[in-house]
Amino acid sequence: MADTIVNGKLAAALEAQSDRLLPCVHCGFCLPACPTYNRLGDENDSPRGRLHLMNAVVEGRLDPASDAFQTHIDRCLGCRACEPVCPSGVEYGALLEVARETANAARPLPRLTRALLTIMGSRPLRSVVFGGGRLLRTLGLARVLADRLPKSGRGGELRQALSMLEASRAGSIPPGPVAHGARGLPQREGSAVRVATLDGCVQAGLYSRVNRATERTLDANGYEVVSMRGQDCCGALHAHAGDLEGARRLAKRNIEAFERSGASTLAVNAAGCGATMTDYGTLFEDDAAWRERAERVAAAVSDVSEVLVQTGPRRGAMVECSVAYDHPCHLMHAQGVVEAPLSVLRAVPGVDVRVVEGADECCGGAGIYAMTHPDLGGEIGEDKVDAVRAQGADMACTPNAGCMMQIGSGLLRRGDDTGTVHPVEILDESYRRAGYYR
Amino acid sequence: MIRSLSPDVIARLRDIVGARNVISEPDRLVVYESDGLTAYRVSPLAVVLPASTEEVSAVVSLLGREGVAVIPRGAGTGLSGGALPTAGGVVVGTARMNRILSIDEADRLARVQPGVINSRLTTATEPYGLYYAPDPSSQSTCTLGGNVAENSGGPHCLKYGVTSRYVTGLTVVMGDGRVVELGGAHRWAAGTPDFLGLFVGSEGCFGIATEIEVRLLPLTEGVRTILGIFETMEAAGRAVTEIIGSGLMPAAVEIVDKATIEAVEASVFAAGYPTDAGAALVIEFDGTEAGLDEEAEAAARCCRANGAREIRSASTEEERVALWKGRKKAFGAMGRIAPDLLVQDATVPRTRLPEVLARITEIGEEYDLKIANVFHAGDGNLHPNILFDRNDQDEVDRVEAASKAIMTLCVQVGGTITGEHGVGVDKRQYMTLVHNETELDMLRRVRRVFDPSGLLNPGKVVPDPDGAVA
Amino acid sequence: MNKVEAIEDVLGVEALGSGVGLSLPGGATPEHVVAPRDAEECARLMRWATSSGIGVLPVGVGARSRPFESEGRWVALSTERMDGIETYEAADLTLTAAAGTPMADVAAAMRPHKQWAPFDPPRVGEGTIGGFVSVADSGPLWAGYGEVRNHVLGATIVTGDGRILRLGGRVVKNVAGFDLLKLVVGGRGSFGVVTSVCIRAFPEPIEDRVLVLASASLPELAGPALQVATAPIVPVSSVIVDRLPTSDTPGLVIRLHGSRVTVDADQRRLEAHLGLKLATIDNRATFAAEVSNRGASDDIVIRVSTLPSLLGGLLGVVDGAGASSVGLDAYGARGRVSFSESEGSQAARFLDAASALGATVAVESAPHTSPLWARADEKTSHEAELMDGLRRAFDPEGVLWPTRS
């Protein structure tokens with residue numbers, strides 16, 4: 001090994017995680033849950049293998065700058081499907097973030113990843129980039145450009161980005177009239193539970209319609225939706241990429257904003273954000289000043305579907321359509337939320353919910369993975385698109401912006417224009433037809 | 001011993017299986033240095049991941065010509081080190097050979113590649129009303145190829161039998177790369193000696209099974225599970241003997257001891273077993289719905305007659321999962337409370353269980369080790385789990401000594417050194433407890449018949465004649 | 001020194017067997033019949049045979065096998081003096097007995113404990129436990145209980161060169177080393193002389209029900225047989241016979257075991273699946289024994305096996321073959337067809353026709369002069385190669401079965 005002292009320093013962060021690494025008994029139960037192992041068959045690309053690589057770094061047997069460590073730690077989707085199947089309860093997601101931090105310290109992140117993280121972490125940059133993106137999308141240029149770019153190399157990355165942008169267009173919920181004689185909901189009585197909502201970076205930039213639907217449906221279910229001024233990107237993309245400092249910087253803003261809001265619940269409509277925010281405590285576990293505050297916020301975070309399910313959700317008017325539902329990994333595996341989004345959909349009369357086969361497997365979107373690993377992400381995405389299309393539903397439905405774009409772009413590549421919707425969009429449409437918003 | 005593969009050999013391996021499927025960079029081989037048994041670590045020279053019988057054959061014959069040892073590997077979940085690389089050897093992994101080739105509904109047969117995961121076969125055959133019976137505890141991840149190599153068992157093998165009962169035919173790549181067929185469901189009349197049965201459980205030393213034909217069973221109509229809580233292990237053992245002897249045919253009878261209950265209940269997997277109990281007994285019946293209540297009640301009567309202080313029964317799938325939890329989560333729970341865990345495996349005649357368990361407790365005290373027992377009580381298959389810390393050399397030595405004491409004890413009462421995990425490297429040292437030199441010599445001779453070159457999984461199963469085991 | 005003296009020297013005078021009741025393969029005339037009392041005596045005999053180039057033919061096994069003609073000198077080895085149950089642990093459901101112990105004695109020992117060995121090949125009660133294990137024919141009950149090979153827990157054998165091997169043990173699960181026991185079970189004495197075996201006992205079923213579906217012809221049973229083979233429950237046995245003991249017509253005989261409630265429910269499920277009612281037989285024991293002997297009741301016995309989905313075609317061939325007795329296990333699509341005529345021309349035509357359907361066929365029994373024996377061996381080339389290699393490992397000088405290849 002080239003320089004064990006330097007390596008030792010780099011490994012220190014991982015070494016501090018020994019208590020998280022130790023429970024792994026190398027049993028291999030995680031192998032079949034891992035999308036990359038299933039496709040490549042290389043144990044270096046399995047959770048057990050990656051944990052073994054981390055251990056080897058801690059033991060000083062492997063250089064964190066080595067190709068092996070860099071490639072295989074990077075190639076993980078971070079879907080955390082390995083966590084629920086682990087008999088020893090290894091906290092893989094937390095370890096992965098630290099491993100990536102270690103990997104980044106040994107060898108800087110690729111330019112594309114750094115650029116994406118910089119954009120997401122900065123409000124002004126975000127508004128410029130997403131503003132431009134919305135313009136391309138509205139003008140229909142995203143699709144035109146995507147079709148002309150080469151499929152591999154830099155062009156491939158941009159092509160994927162553009163096609164995801166195009167995929168963020170509104171899904172095609174079949175139109176329907178407001179019910180005859182519909183009227184607004186009665187005035188709330190007494191004090192309601194105050195809920196703050198996360199705007200998010202991609203959601204605010206490309207899915208404002210989902211954010212509005214989130215606010216309206218919560219309100220219709222008797223919650224008092226309050227604003228959370230000063231909030232920012234949740235930091236998930238940064239944490240996943242191993243930029244834990246960047247993630248903490250963003251998390252602190254959200255913690256402060258939530259505390260100011262006076263809300264008791266923080267509803268999140270993107271699974272990826274929810275997973276990171278319910279784990280804010282871990283992010284600050286070595287920071288005495290922030291840890292408790294972070295844990296309090298983490299405890300208040302819930303997926304919007306869970307909040308809605310607590311009070312019903314209220315039934316709306318008929319929306320006749322069929323949806324192919326896919327579980328976001330960061331809802332199912334990271335937060336253990338499986339039934340709530342389905343309950344939201346089932347609260348809408350007329351919706352035929354078809355859970356896609358293999359819904360527990362990642363769609364390949366995985367934050368920015370689809371852009372940074374277009375080959376493997378694409379292969380995993382193709383399998384998901386096959387599974388979605390096999391349902392023959394009117395549209396795909398999944399409660400996470402990244403998955404919506406990944407599945408949507410995959411559908412577009414097949415010339416399938418049906419689009420992808422968030423469950424609250426359908427609930428929202430049902431409420432609109434019921435006249436609750438009058 | 002060969003220290004490295006020449007660039008030419010690596011290039012030819014890449015030609016056979018594709019560049020992406022040959023791993024030869026030392027940093028990337030670290031991951032393959034152990035299987036489910038982490039006490040041993042040896043890095044292979046390379047890992048090759050073929051996708052078909054033809055590719056396995058080409059790889060094995062190339063390596064054979066080069067005099068390089070071949071270590072077959074499935075999911076690497078084995079607990080005896082059967083897939084531990086040999087220094088100077090190449091791992092041939094079946095991870096990419098994961099296709100189900102055919103499901104024959106009328107004949108209740110399936111033909112699969114060896115990398116197919118045990119439980120996925122059942123998932124695939126359920127739409128036909130069929131399933132694959134052997135259910136090793138690792139069935140959600142272990143491969144059928146590995147099951148064939150180890151002749152794997154599982155909780156429900158009490159009623160249904162182990163892997164060898166369900167394997168009806170194999171396509172095998174021999175040590176010299178030749179492809180041969182063994183068995184075949186329709187070949188009963190030929191009256192050929194049971195080469196197939198000999199191959200099953202040969203731990204990768206006789207060849208690599210590249211296609212596996214297995215018999216399927218119709219799905220059972222119903223299932224009933226009861227949990228008996230006992231003050232003492234002896235009482236639970238007596239209940240088991242009475243249940244088995246009564247003509248009832250339980251699908252599974254599993255026991256966890258006091259130490260295991262304490263470990264599970266102290267962990268995040270707490271199953272709600274009372275921690276002051278001496279033993280908990282899980283009994284399961286499956287089959288035709290109509291008779292199950294009666295059978296479960298008869299078993300419950302046996303438990304009560306033998307002093308069970310509490311009987312819980314499950315009627316829904318959730319309740320069933322809850323009753324099993326203390327058994328199924330035992331290893332994971334112990335993995336969390338100790339840095340290292342040695343999962344032992346031995347079989348004794350069922351009626352000797354109580355005295356053997358009492359002796360194992362004494363052995364634990366003698367060597368100052370925490371030993372918790374989880375076992376397939378119906379067929380006397382014990383899994384003493386020894387908790388330790390590998391960084392404490394003195395403790396490691398005591399684990400070694402206690403393991404030997406347990407193995408000797410099991411053999412003395414008429415049992416054996418492994419019931420389902422195989423010999424691998426870990427149990428080689430104990431082979432002399434159950435076989436004399438004449439018998440060991442015969443094992444070596446038979447191995448040479450299948451693999452004259454001795455390049456298939458060398459250093460496994462049979463100790464060397466000079467008594468060396470490492 | 002003549003051979004008798006040599007044998008006496010090796011084994012002691014007492015070891016010279018009477019040969020009374022020995023059933024030798026057709027045409028076989030040994031110079032002597034030797035009956036060692038235990039594995040040690042047997043090992044001395046084998047070592048002597050190896051060193052003096054004398055062949056040894058174990059009998060009591062393979063007696064109904066192909067004709068035996070030796071070019072060299074040979075003796076027959078009888079297991080008749082290795083007789084007696086060594087241990088029977090009823091609570092553990094295991095029984096260990098010397099090879100020459102009659103299966104009838106084994107059954108008698110188990111009966112008071114309400115236990116049994118659930119195997120029903122033709123005439124299972126007439127042989128010895130050593131012969132039973134060496135032939136390892138499970139009978140149709142394998143569907144419910146598994147094959148003999150799954151339930152032999154251990155055996156002591158003496159190899160061709162006189163080494164004693166204790167294989168397996170007396171525990172149900174055992175993977176300590178390669179499973180050489182599998183070569184002994186069904187090995188027909190090719191790899192060694194079995195001197196003692198340990199088998200698994202089973203609790204007797206609470207309810208044993210025998211059901212019958214009579215039919216006008218064998219081919220008409222093809223449909224119901226396939227229905228049974230694909231039914232949601234697996235009967236412990238299901239056998240097609242050309243003549244039912246009760247009606248002299250072909251029929252399908254199905255056995256169900258379990259508690260009374262279970263068996264009632266299984267019968268209902270099976271009848272619903274078949275879409276017809278089955279008749280219940282009262283005198284079960286005699287009936288079942290007669291059924292299990294069908295197919296093996298004549299001079300010429302042909303073994304045949306195929307897949308359940310192809311059983312219909314096979315029944316068509318059997319129907320016109322002129323067989324004198326037929327017994328086919330419907331779940332395993334395997335069984336026996338026997339012929340009475342001495343020259344075997346009908347049997348030969350049946351062998352051809354069944355082979356043409358893709359079925360596996362073999363001659364199990366025929367007069368030793370019969371041309372049927374010349375029919376091709378069913379072993380494939382690599383099986384023959386393995387056979388040779390393994391026989392050399394167990395019997396380097398080729399003492400056992402001296403003329404066998």
[X] portion near chain B, given a 4.5 angstrom heavy-atom threshold:
X	value
C/Phe191	side chain
C/Arg166	both
C/Asp137	side chain
C/Phe394	both
C/Leu311	neither
C/Ala176	both
C/Asn150	side chain
C/Thr159	side chain
C/Ala201	neither

Quiz item: So how far is it from B/Thr418 OG1 to B/Tyr430 OH, rounded to the nearest 0.5 Å?
Solution: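 With rounding to 0.5 Å, OG1 (B/Thr418) is 12.0 Å from OH (B/Tyr430).
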
Quiz item: CG of C/Leu390 to CD of C/Glu385: how many Å apart, nearest 0.5 Å?
Solution: 10.5 Å

Heavy-atom pair count under 4.5 Å with chain B, highest-scoring of [options]:
options	value
C/Pro205, C/Ala91, C/Gly186	C/Ala91
C/Leu386, C/Asp179, C/Thr306	C/Leu386
C/Glu147, C/Arg170, C/Arg392, C/Arg269	C/Arg269
C/Val263, C/Thr262, C/Ile302, C/Val175	C/Val175
C/Pro203, C/Gly332, C/Ser305, C/Gly358	C/Ser305
C/Leu181, C/Val172, C/Asn174, C/Thr94	C/Asn174

If you count heavy-atom pairs within less than 4.5 Å of chain C, which of [options] leads?
options	value
B/Leu196, B/Leu198, B/Val162, B/Leu182	B/Leu198
B/Asp104, B/Val200, B/Asp379, B/Leu292	B/Asp379
B/Gly414, B/Gly201, B/Gly245, B/Gly378	B/Gly414
B/Glu181, B/Arg447, B/His421, B/Lys427	B/Glu181
B/Glu295, B/Arg448, B/Arg108	B/Arg108

Contacting moiety of [X], where chain C heavy atoms sit under 4.5 Å:
X	value
B/Arg215	side chain
B/His435	side chain
B/Phe206	side chain
B/Val240	neither
B/Glu439	both
B/Val180	both
B/Leu440	neither

Exercise: do [X] and [Y] side chains pair donor with acceptor under 3.5 Å:
X	Y	answer
B/Tyr166	B/Asn147	no
C/Ser309	B/Asp107	yes
B/Arg111	B/Thr171	yes

Under 3.5 Å donor-acceptor, [X] side chain and [Y] backbone:
X	Y	answer
B/Glu203	B/Gly82	no
B/Asp345	B/Glu420	yes
C/Asp92	B/Thr351	yes
B/Ser80	B/Asp426	no
B/Asn381	B/Ala346	yes
C/Arg334	C/Thr360	no

Self-check item: Heavy-atom neighbours of C/Tyr88 OH exceed 12 at 6.0 Å
Solution: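 Counting other residues, nucleotides and ligands, OH of C/Tyr88 exceeds 12 neighbours.
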
Practice problem: Look at atom CZ of B/Arg445 and say whether more than 12 heavy atoms of other residues, nucleotides or ligands are closer to it than 6.0 Å. | Solution: yes

Practice problem: Please step through salt bridge (Lys or Arg N to Asp or Glu O under 4.0 Å) for the pair C/Glu271 and C/Arg268, ending with a clear verdict. | Solution: CA-CA 5 Å; C/Glu271 287 174 341; C/Arg268 281 195 300 275; over 6 Å; no

Quiz prompt | Residue pair B/Arg224, B/Glu294: steps toward the salt bridge (Lys or Arg N to Asp or Glu O under 4.0 Å) verdict | solution = CA-CA 10 Å; B/Arg224 287 294 181 286; B/Glu294 186 187 57; over 6 Å; no

Quiz item: Can the ring centres of C/Tyr145 and C/His151 be said to be less than 6.0 Å apart?
Solution: no

